[in-house]
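Below, chain A is the first sequence line, B the second, and so on; all start at residue 1. Source: prediction; values computed, not measured.
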Protein chains: 2
Amino acid sequence: MPPTTTRNTPVIKDVARLAGVSVPTVSRYLNGTARVSDDKREKIAQAIKLLGYQPSFVARALANKVMDSVTMLTSLSTFWATTQINSGVESAARDKGFLFGVTSLDGISDSELESTVGRVMSANPAGVIVSESDEIAIQAMRLIPKDVPMVLVGGSRGDAPYQVMPSERAGGRCVTEHLLGLGHQNVVHVHRAEGPNNNTRTLGWRDAMAAAGLPANRSYQISEHLEDSRELGRRLAHDPSVTALFAGNDETAIALIRGLRDEGKRVPQDVSVAGYNDQLFSMIWEPALTTYSQNFVELGRAAFDMLYAQIEAKRAGQMAPEPQCRIIEGELIVRESTAAPRD
Amino acid sequence: MPPTTTRNTPVIKDVARLAGVSVPTVSRYLNGTARVSDDKREKIAQAIKLLGYQPSFVARALANKVMDSVTMLTSLSTFWATTQINSGVESAARDKGFLFGVTSLDGISDSELESTVGRVMSANPAGVIVSESDEIAIQAMRLIPKDVPMVLVGGSRGDAPYQVMPSERAGGRCVTEHLLGLGHQNVVHVHRAEGPNNNTRTLGWRDAMAAAGLPANRSYQISEHLEDSRELGRRLAHDPSVTALFAGNDETAIALIRGLRDEGKRVPQDVSVAGYNDQLFSMIWEPALTTYSQNFVELGRAAFDMLYAQIEAKRAGQMAPEPQCRIIEGELIVRESTAAPRD
DNA sequence: CTGAAAGCGCTTACAG
DNA sequence: CTGAAAGCGCTTACAG
């Protein structure tokens with residue numbers, strides 16, 4: 001007969017034995033699922049401490065059909081905003097004792113999408129947060145069973161019952177109005193691909209132009225390769241009607257500035273350039289970048305909070321919270337890269 | 001009697017029934033754990049497809065004592081390098097069908113560390129990758145049971161049996177030697193806090209100085225707040241002996257440049273400044289930044305690969321792979337921010 | 001090659 | 001308030 005091998009990690013049975021109670025009683029103690037007499041509580045508490053017991057996530061997940069975890073479905077996973085959002089979700093999840101997972105949708109083909117989402121779901125996450133940055137995220141969202149708590153980050157208002165959105169459109173409008181308010185007769189917009197939703201920075205630009213009675217007829221979509229933006233900046237430098245540029249993000253903004261300067265233009269004297277995101281380097285750039293600051297970490301935390309409310313309600317057997325769409329406001333940061341037109 | 005409620009997600013029993021075989025047979029088919037006759041294979045395959053069956057991660061994890069997942073233990077979770085590494089690990093993990101989790105150590109006190117790591121372990125990850133950027137990561141590593149596959153990213157050579165390291169020290173030396181090779185008599189080093197290891201950029205700077213017979217006596221540690229670096233740049237501007245600066249990262253580099261210029265210095269004519277990391281904006285900065293490029297995404301992938309080898313060996317009941325330390329090389333990118341001194 | 005049985009570590013009715 | 005029993009969805013010896 002094999003010697004009883006020393007089990008390294010204690011399990012619930014060990015604490016039950018040590019405390020002199022049954023396993024279900026320990027479980028009840030742990031989950032507050034029923035009253036446990038004070039003396040047993042005491043013993044159990046001691047046993048747990050003594051053993052350094054921690055309940056198994058996976059055994060719980062199997063019994064409960066749900067794991068104490070959130071998983072983030074995302075694309076554009078190396079982009080700045082994405083990483084900040086993830087970080088916010090992770091820290092909020094950790095605070096609640098939830099595990100945090102992420103599976104990115106980058107480079108996934110349509111045919112792989114279903115099995116990818118299926119795999120995520122087969123780990124029984126208590127909830128999932130999908131971060132919308134392109135069409136595939138929206139498709140992924142549709143594959144999530146209706147009964148699992150979910151919140152959508154981004155998207156169009158109404159794309160999902162629970163949403164937290166950055167104020168992209170309002171922000172885009174705000175930046176554009178700042179430029180217009182400075183006296184510019186037109187604002188050219190340069191942006192990377194945007195999500196398929198009605199809350200984009202680009203739409204905000206259109207809003208502002210429309211409100212000013214101006215045609216929103218000059219926008220350029222560029223790639224994420226900064227050289228492309230720089231090249232575009234060079235071209236725009238030769239168009240005297242271009243006096244104000246609103247770039248969809250700070251990186252694009254600085255590349256445009258560089259291109260403008262390659263051709264002898266000065267910023268902001270000859271042309272004003274505003275960015276978006278307020279990345280770390282933006283305040284250091286020369287000239288310091290006028291931009292729109294979004295706290296994406298906070299946005300991630302808000303998304304988790306909204307998810308957690310659903311999870312709790314579901315566990316308590318209560319009705320799901322009211323559908324809601326929370327907007328996280330950002331703020332315009334006016335620095336040196338924008339100014340009134342010269343003449 | 002309750003009507004048989006329609007089960008939404010199929011389980012292995014459903015597959016077995018539909019295929020007309022026993023549950024263990026399906027399991028063997030799935031895991032290749034034993035021969036299964038061709039006709040049954042066929043039937044099982046069909047049943048799986050028909051049902052859209054995916055094995056439960058958690059049930060497997062409970063039975064196997066191990067989940068098909070990796071979790072990343074990290075600090076400085078919003079820093080650029082960290083996010084890139086995570087992204088690399090995630091994509092490699094996904095390719096192998098592994099779930100990816102991250103729990104950050106930011107803001108965790110020493111007393112919370114044990115329970116935090118304990119919680120991670122109680123989800124039975126197949127392996128964990130710890131990314132060393134400060135002392136707490138090293139402590140966390142020590143709390144991981146010896147029998148769970150682990151790889152350390154960073155650290156000193158020898159800190160763990162399995163390591164993948166960026167060539168930080170060699171890189172730091174390389175950058176410094178570039179500056180020295182240009183003819184500078186001294187290279188001042190400015191860096192943020194670095195991990196407690198012998199592979200830092202700062203040590204590389206010392207190496208180069210020593211090799212050149214120069215005292216490595218001018219270095220400054222600054223915070224992550226770029227204003228601090230800018231302020232330092234202003235101060236250094238007034239010291240004529242400062243002709244070359246090696247900043248520990250690109251963000252610090254551009255802030256230093258900004259500060260230098262605030263006081264009328266030109267880069268690189270008056271002082272050369274090199275950075276480290278080759279972030280997106282570095283090639284766009286004016287002057288384009290000389291820097292050292294590390295592919296952190298690739299480094300993350302390499303870390304997962306090394307982990308996966310351990311996991312596979314363990315599952316196959318084989319001996320663990322030889323301890324190893326893989327260095328991921330980076331490369332010096334010479335651009336415009338460095339030049340020969342004027343004298 | 002293949003089933004019946006037992007077990008992974010929990011939780012939840014079911015009876016006291 | 002508290003045990004004994006059954007079950008969550010798998011896997012792994014154990015016998016054929």
Could you state the atom-to-atom distance from [atom1] of [X] to [atom2] of [N] in whole Å?
X	N	atom1	atom2	answer
B:N31	D:dA13	CG	P	13 Å
B:R315	D:dT11	CZ	C1'	13 Å
A:L30	C:dT11	CG	P	6 Å
A:R41	D:dC1	CZ	C1'	12 Å
A:D38	D:dC1	CG	C1'	11 Å
B:D68	D:dG9	CG	C1'	15 Å
B:R17	C:dG3	CZ	P	15 Å
B:L62	D:dG7	CG	P	17 Å

Using only side-chain N and O atoms of [X], determine if any of them is under 4.0 Å from OP1 or OP2 of [N].
X	N	result
B:S27	D:dT11	yes
B:K65	D:dT11	no
A:N64	C:dC10	no
A:S37	D:dT2	yes
B:T25	C:dG3	yes
A:K13	C:dC10	no
B:R35	C:dC1	yes

Which is true for [X] with a 4.0 Å heavy-atom rule: it touches a base, it touches only sugar-phosphate, or it touches nothing?
X	result
A:Y29	nothing
A:V23	base
B:F57	nothing

Count the heavy atoms belonging to other residues, nucleotides or ligands that lie under 6.0 Å from [atom1] of [X], then report whether that count exceeds 12.
X	atom1	answer
B:E114	CD	no
B:R326	CZ	no
B:Q318	CD	yes

Inset, instruction - Map A:R28 and B:P24 onto DNA chain C by nearest heavy atom, then report which one ends up closer to the 5' terminus. - result: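 Checking each residue's closest nucleotide, the 5'-ward one belongs to B:P24.
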Legend entry - Given DNA chain C, 5'-ward residue of the pair B:G20 and A:I12, judged by closest heavy atom: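 Its nearest nucleotide lies further toward 5', so the answer is B:G20.
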Inset, instruction - Go ahead and write out DNA chain C as dot-bracket, 5' to 3': ( ) for pairs within the strand, [ ] for ones crossing earlier pairs, | when the partner sits on another strand, dots for unpaired; Watson-Crick or G-U wobble, both distances under 3.5 Å. - result: |||.||||||||.|||
Legend entry - Closest listed nucleotide, where the reference is the side chain of B:A63 and the choices are D:dC10, C:dT2, C:dC10: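 The answer is D:dC10.
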Inset, instruction - Would you give the length of the straight line joining atom CD of B:E112 to atom CZ of B:R119, rounded to the nearest 0.5 angstrom? - result: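 Here the interatomic distance stands at 9.0 Å.
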Legend entry - Separation between OG of A:S77 and CD of B:Q84, rounded to the nearest 0.5 Å: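 Going from OG on A:S77 over to CD on B:Q84, the span is 8.5 Å.
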Inset, instruction - Please step through side chain to side chain contact (heavy atoms under 4.5 Å, CB included) for the pair A:M72 and A:I85, ending with a clear verdict. - result: CA-CA 10 Å; A:M72 189 94 201; A:I85 292 169; 3.8 Å; yes
Inset, instruction - Would you please indicate if the ring centroids of A:F100 and A:F304 are separated by under 6.0 Å? - result: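 Between A:F304 and A:F100, which both carry aromatic rings, the centre distance is not below 6.0 Å.
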Legend entry - Considering all heavy atoms, the nearest A:P125-A:T71 contact: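 For A:P125 and A:T71, the tightest heavy-atom pair comes out as CB-CG2, 3.4 Å.
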